[in-house]
Protein chains: 4
Amino acid sequence: MPRQASSAPPVRGRPRDPRTRAAILIAARALLERGGLTAVTIEAIAQSAGVSRPTIYRYWPNAPAVAMAAFLETTGAAEASSKPRNALSALRAQLHALADAFAAPAGRSVAAMVAAAQSETELAKAFRNEFIARNRDATRALLERCVADKAIEPPEDIELTLDLVFGPLFYRLLMGHAPITRSFVDRLVDQVIRARCT
Amino acid sequence: MPRQASSAPPVRGRPRDPRTRAAILIAARALLERGGLTAVTIEAIAQSAGVSRPTIYRYWPNAPAVAMAAFLETTGAAEASSKPRNALSALRAQLHALADAFAAPAGRSVAAMVAAAQSETELAKAFRNEFIARNRDATRALLERCVADKAIEPPEDIELTLDLVFGPLFYRLLMGHAPITRSFVDRLVDQVIRARCT
Amino acid sequence: MPRQASSAPPVRGRPRDPRTRAAILIAARALLERGGLTAVTIEAIAQSAGVSRPTIYRYWPNAPAVAMAAFLETTGAAEASSKPRNALSALRAQLHALADAFAAPAGRSVAAMVAAAQSETELAKAFRNEFIARNRDATRALLERCVADKAIEPPEDIELTLDLVFGPLFYRLLMGHAPITRSFVDRLVDQVIRARCT
Amino acid sequence: MPRQASSAPPVRGRPRDPRTRAAILIAARALLERGGLTAVTIEAIAQSAGVSRPTIYRYWPNAPAVAMAAFLETTGAAEASSKPRNALSALRAQLHALADAFAAPAGRSVAAMVAAAQSETELAKAFRNEFIARNRDATRALLERCVADKAIEPPEDIELTLDLVFGPLFYRLLMGHAPITRSFVDRLVDQVIRARCT
DNA sequence: TCGTAAACGAGACGGTACGTCCAGTCTTTTT
DNA sequence: AAAAAGACTGGACGTACCGTCTCGTTTACGA
């Protein structure tokens, strides 16, 4: 009887110390937060994680990749609020949460990741799948609940609706031409779904 | 007798060769287009412009600044179409033009500049003023013409409307989760101004 | 009854696979021949011997040590010719054989070992005892046979005579200022023992 | 009127600071003396010369090359003694000087350079031309003076004679099977030129 | 026959040095 | 006085090996 019936290959060689990976990501995240992307150098990570440079390269191919991993690992996607409420106010709450994050220092990290993603397809893919897609999924689910609850009229094109909701948020985050306030989010939501409100 | 009697200080020493500045910007733009931001190094610019490194530093403080200058210099803002037409179709045409640019290779340069702007306030300001603001101004003008022509209802918050138009465009450009097609622009415009259409 | 009554401790655990040692030495020798000393890395040996790095360290302390072992193992000392002949011509034959080896690609390995010996006492000792001494012993024996046969006058200082014979050979091998030809060996021998020829 | 009439191109750009080169060589020499070849790393040189790593690479291609340059720069070739004397005793004096150097710690540097020369043709050439050849030239000149003075019979092959003199010295230096004493040199010289002594 | 102990492969890990690239600055000569 | 060229410091890059370690697996022997 095989010990490992399914897919995973039996572990060969010395297993990785999980603390190593964790230390690297924590260090990277810290560097990212103050200092931004340019502060996330392999050198600095190694230093502050108490890890050797080659070890980092054993996990990731370059510094931005570590930064992205750190970002995605430590940035929870939009979680459904624990408080039960009607779908529309849950939607509002979710977007407020995202907007708050964007307005907070953490927003700079998001912006940094968007920037990082512009110069490496691999990072772009990771960011898209792990951050963008998750946020869209969460919001899409709520929109569908709204429709089911008849709180809003069914949108013709739900993906476009998502673009209309997230687009302006990222636009303000990245261009900085105007602040991301709660009232901004409110007006944004109003505008996007008003046409279909009963 | 001074050559420049009035405000400007009399030019002393060897005058700057205007071709130098041009050569640098052209080289930077070329590097930006293929290779992206990371290819725009002072080293490479100097090389391909046939100019010495210190000379470049005499004009700009660092490589991204040159890239930004090159981008802004060679990227015309949205121009009003020469053909006279009604305001609404002019608006559509303008956004189509922008979308086409975003979809073309040049879109990568825009994305690169957004990325560059994330790590330097100075660049962010330049980009905002020279690119973002210009585009918003042009579109705002058309929107106002639409209102004047009674083609659309006056929007409550015109800045928000602009965010709703540009946000999704940049969002798709930067995240790449979906293509920027003509139909996308059409549906976007429809959605944003439908509520106010007569 | 213990298998090894005397000094050695009874073999416990899995015995060493003799093929392992052989594979390592063969790989090391091959690497040494093309590539020289710098090519003999533990990494490369392990790779081409199909052996893990720690295994090599179980046998030798470092890469030059493996190289030296490989060299000494696969390089026979000057053998007495099978054909019986008079002592003087046997001496000549022996030195010609050495000179031929020096002139051949194998000479580069000898030079590499001399070089290796310069930075590690342990290697120096091994090389001296296993290569230098053996060659001197063989030649000393022949010189003594020559004396016994009255082919040459007894040298005052036989060690100096050996230095006079071997010194120039190594000197040319290592400095490369002149080739190691057969005629060179002939003239060398003539010169060294002429004074004492009958 | 050209400032530099002959071959050299007029110096463009900032000239090299001669102290930089000197500092590097001094540091390299010091490292070579204690620590041997393996201690001469670019890293260490840069450190102790107060110079950056890339600067060293601007002068030499790798660490052994710096070591060789340092060795050759700071190791004067055998100089003719200032005291006037007859050719034969001058010859003896010269070889004694070399032997003393070989026996001293500096001898280790010579050995290190021989070793270094075994793995790079470029270094071998430099060492041969700057060290080996110079020593041979000096001794050849004295041998010729001896012949002119009729102190010794003209050797049939003066290059072979030089090999007979230097070979055993290097042989002992590199193999370490016997010390390089003054008496060794005396007996060596006796042996090599006795045959031709009047 | 069944532990036990070593051999062995695999790979993690901290290190050290490598050789390179680029950034900025400084020091010259040339225009 | 600017431009042009190149020296120079300095920081980080990504890679190659090193030597040690920690595993899991294999193989022989001896109890």
Side-chain angles (χ1 to χ4, degrees), chain A residues 3 9-21 38 40-47 50-59 61-63, chain B residues 9-17 20 38 40-47 50-59 61-63, chain C residues 2-3 10-21 38 40-47 50-59 61-63, chain D residues 3 9-21 38 40-47 50-59 61-63:
Chain A
R3 287 201 330 129
V11 184
R12 312 261 298 164
R14 175 176 172 177
R16 291 186 166 181
D17 186 337
R19 286 169 305 175
T20 300
R21 193 189 135 88
T38 58
V40 186
T41 71
I42 295 290
E43 190 81 20
I45 298 169
Q47 200 80 37
V51 146
S52 76
R53 230 139 35 83
T55 294
I56 300 177
Y57 283 111
R58 223 169 277 124
Y59 285 80
N62 50 47
Chain B
V11 183
R12 308 259 300 156
R14 175 174 169 177
R16 289 190 167 180
D17 185 337
T20 300
T38 58
V40 187
T41 70
I42 296 289
E43 191 85 19
I45 298 170
Q47 198 80 38
V51 146
S52 78
R53 256 165 342 107
T55 296
I56 299 177
Y57 283 111
R58 223 166 280 120
Y59 286 82
N62 51 44
Chain C
R3 287 202 328 136
V11 183
R12 304 265 299 161
R14 174 177 172 178
R16 289 186 167 182
D17 185 337
R19 286 168 307 173
T20 299
R21 192 188 136 90
T38 57
V40 187
T41 70
I42 295 290
E43 191 84 19
I45 298 169
Q47 197 81 37
V51 146
S52 77
R53 256 167 340 109
T55 296
I56 300 177
Y57 283 111
R58 223 168 275 124
Y59 286 82
N62 52 44
Chain D
R3 288 203 330 133
V11 184
R12 307 266 298 166
R14 175 175 171 178
R16 289 187 167 181
D17 186 336
R19 286 168 307 173
T20 299
R21 192 189 135 90
T38 58
V40 186
T41 70
I42 296 289
E43 190 82 20
I45 298 170
Q47 199 81 37
V51 147
S52 77
R53 229 137 36 80
T55 295
I56 300 177
Y57 284 111
R58 216 170 286 121
Y59 285 80
N62 50 45

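Atom set for the values below is all heavy atoms of this structure, side chains included, hydrogens, waters and symmetry mates excluded. So that the names make sense, note that chain A is the first sequence line, chain B the second, and so on, each numbered from 1.
Here B/Thr38 pairs with nothing under the side chain to side chain donor-acceptor pair (under 3.5 Å) rule; sequence neighbours left out. Qualifying side chain to side chain contact (heavy atoms under 4.5 Å, CB included) partners for D/Gln47, counting only residues two or more places apart in sequence or in other chains: none. A search for side chain to side chain donor-acceptor pair (under 3.5 Å) contacts involving B/Thr55 returns B/Ser52, not counting sequence neighbours. Scanning for side chain to side chain donor-acceptor pair (under 3.5 Å) contacts around A/Arg21 gives A/Glu73, with sequence neighbours left out. The salt bridge (Lys or Arg N to Asp or Glu O under 4.0 Å) test applied to A/Arg19 returns A/Asp17, not counting sequence neighbours.
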Where do N or O atoms of nucleotides 4-8 of chain E meet protein N or O atoms at under 3.5 Å, pair by pair?
unit_1, atom_1, unit_2, atom_2, d
E/dA7, OP1, C/Arg16, NE, 3.3
E/dA7, O4', C/Arg14, O, 3.4
E/dA7, N3, C/Arg14, NH1, 3.1
E/dC8, OP1, C/Asp17, N, 2.7
E/dC8, OP1, C/Thr20, OG1, 3.0
E/dC8, OP2, C/Tyr59, OH, 3.1

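Whole-Å rounding puts the B/Ile42 CD1 to F/dA5 P distance at 16 Å. Remark: C1' of E/dA23 and CD of B/Gln47 are 15 Å apart, rounded to the nearest angstrom. Rounded to an integer number of Å, the gap from CD of C/Glu43 to P of F/dT20 is 15 Å. Regarding A/Arg19, its CZ atom lies at a distance of 16 Å from the P atom of E/dA12, rounded to whole Å. The distance from atom CD1 of D/Ile45 to atom P of E/dT16 is 18 Å, rounded to the nearest whole Å. Residue A/Tyr57 contributes atom OH, which lies 18 Å from atom P of E/dC18 at whole-angstrom precision.
Shortest non-hydrogen contact noted between B/Ile42 and B/Asn62 is CD1-C, 4.1 Å.
Nearest-nucleotide positions on DNA chain F for C/Ala63 and A/Ala63 put A/Ala63 closer to the 5' end. Between A/Ala44 and C/Pro54, the residue anchored closer to the 5' end of DNA chain F is A/Ala44, taking for each the nucleotide with the nearest heavy atom.
Contact annotation: side chain of A/Arg53 to base of E/dG14, donor-acceptor pair absent below 3.5 Å.
Checking E/dT20, F/dG19, E/dG24 against the side-chain heavy atoms of B/Asn62 singles out E/dG24 as nearest.
B/Val40 places a side-chain heavy atom less than 4.5 Å from the side chain of B/Ile45.
Counting any heavy atom pair closer than 4.0 Å across all strands shown, D/Pro61 reaches no nucleic acid atom.
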